[in-house]
Amino acid sequence: MYPDSNLATWPDAARDSFLVAKGKKINVMFAPDFYRECDKKPEITRKISDSPRDFGKPYYEIEFFYDTTKEKLLVKDECIFIVHVWAEGGQAIGYFVPAYSNVGDSFDPPLWEDGKYKNWQEREFHPFSYRTGYENRPPPFDPYKRLKKQK
């Protein structure tokens with residue numbers, strides 16, 4: 001690892017490799033149903049935070065994609081997972097799943113992503129499962145109707 005924790009000072013190839021690996025780790029840990037191997041490389045964009053708490057701090061946004069020739073998800077483009085990572089320190093800020101109505105989560109010190117994941121494992125909690133779009137609809141028929149009539 002580089003002695004300087006500021007990712008902006010790293011060589012581009014090393015920084016991008018670190019960010020993609022960090023993004024994949026977050027994806028697999030927190031929303032594994034939305035992890036895809038895709039020929040399209042993740043897009044990395046440097047941005048500046050406009051939130052009141054962290055105004056002016058630089059971070060990186062890593063967008064992961066899926067192959068639209070193999071599946072269709074209800075998203076505007078091919079982006080399936082987004083991770084934000086602080087430029088200073090390389091800690092993940094949070095993630096979003098566009099295919100899941102942009103639902104996501106954030107990471108705060110001292111837990112960051114590893115502590116939050118451990119906490120979830122201890123509580124047996126997992127917020128995401130693969131969505132088909134039919135989760136909130138009633139079943140087309142009552143599977144127990146036949147049994148109710150027999151009684």
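We use all heavy atoms of the structure for the numbers below, so side chains are in, but hydrogens, waters and symmetry mates are not. Computed from a prediction, not measured in an experiment: that's the story for all the values here.
Not a single donor-acceptor pair under 3.5 Å links the side chain of Asp12 to the backbone N or O of Asp16.
Remark: Thr68 OG1 to Ile80 CD1 distance equals 11.5 Å, nearest 0.5 Å. With rounding to the nearest 0.5 angstrom, the CD atom of Glu63 is 10.5 Å from the CD1 atom of Ile44.
The two residues Val97 and Ala31 make their nearest non-hydrogen contact at CG2-CB, 4.2 Å. For Pro42 against Ile62, the heavy-atom pair with the smallest separation is CB-CG2, 4.0 Å. The nearest pair of heavy atoms linking Leu7 to Trp86 is CD1-O, 3.7 Å. In plain terms, the two heavy atoms of His84 and Phe96 that are nearest each other are CE1-CE1, 3.4 Å. Looking at every heavy atom in both residues, Ile93 comes nearest to Tyr59 through CD1-CB, 3.6 Å. Nearest approach of Ala92 to Ile26, heavy atoms of both residues: CB-CD1, 3.9 Å.
In this structure, the side chains of Phe64 and Lys24 come closer than 4.5 Å at one or more pairs of heavy atoms. Between Glu88 and Pro58, every side-chain heavy-atom pair lies at or beyond the 4.5 Å cut-off. In this structure, Gln91 and Lys22 have side chains that are in contact, with non-hydrogen atoms separated by less than 4.5 Å. Proximity of Val83 to Leu19: side-chain heavy atoms (C-beta onward) are nowhere separated by under 4.5 Å. Side-chain contact check for Ile82 versus Glu61: some heavy-atom pair is nearer than 4.5 Å.
With a 6.0 Å cutoff to the six-membered ring centre and a 45° limit on the axis angle, Lys40 counts as a cation-pi contact of Phe65.
Between Phe30 and Tyr95, the distance separating the two ring centers is shorter than 6.0 angstrom.
The side-chain hydrogen bond (donor to acceptor under 3.5 Å, both in side chains) search around Ser49 returns Ser51, not counting sequence neighbours.
Under the 4.5 Å side-chain heavy-atom criterion for ILVMFWY residues, no single connected hydrophobic cluster contains both Tyr66 and Tyr35.
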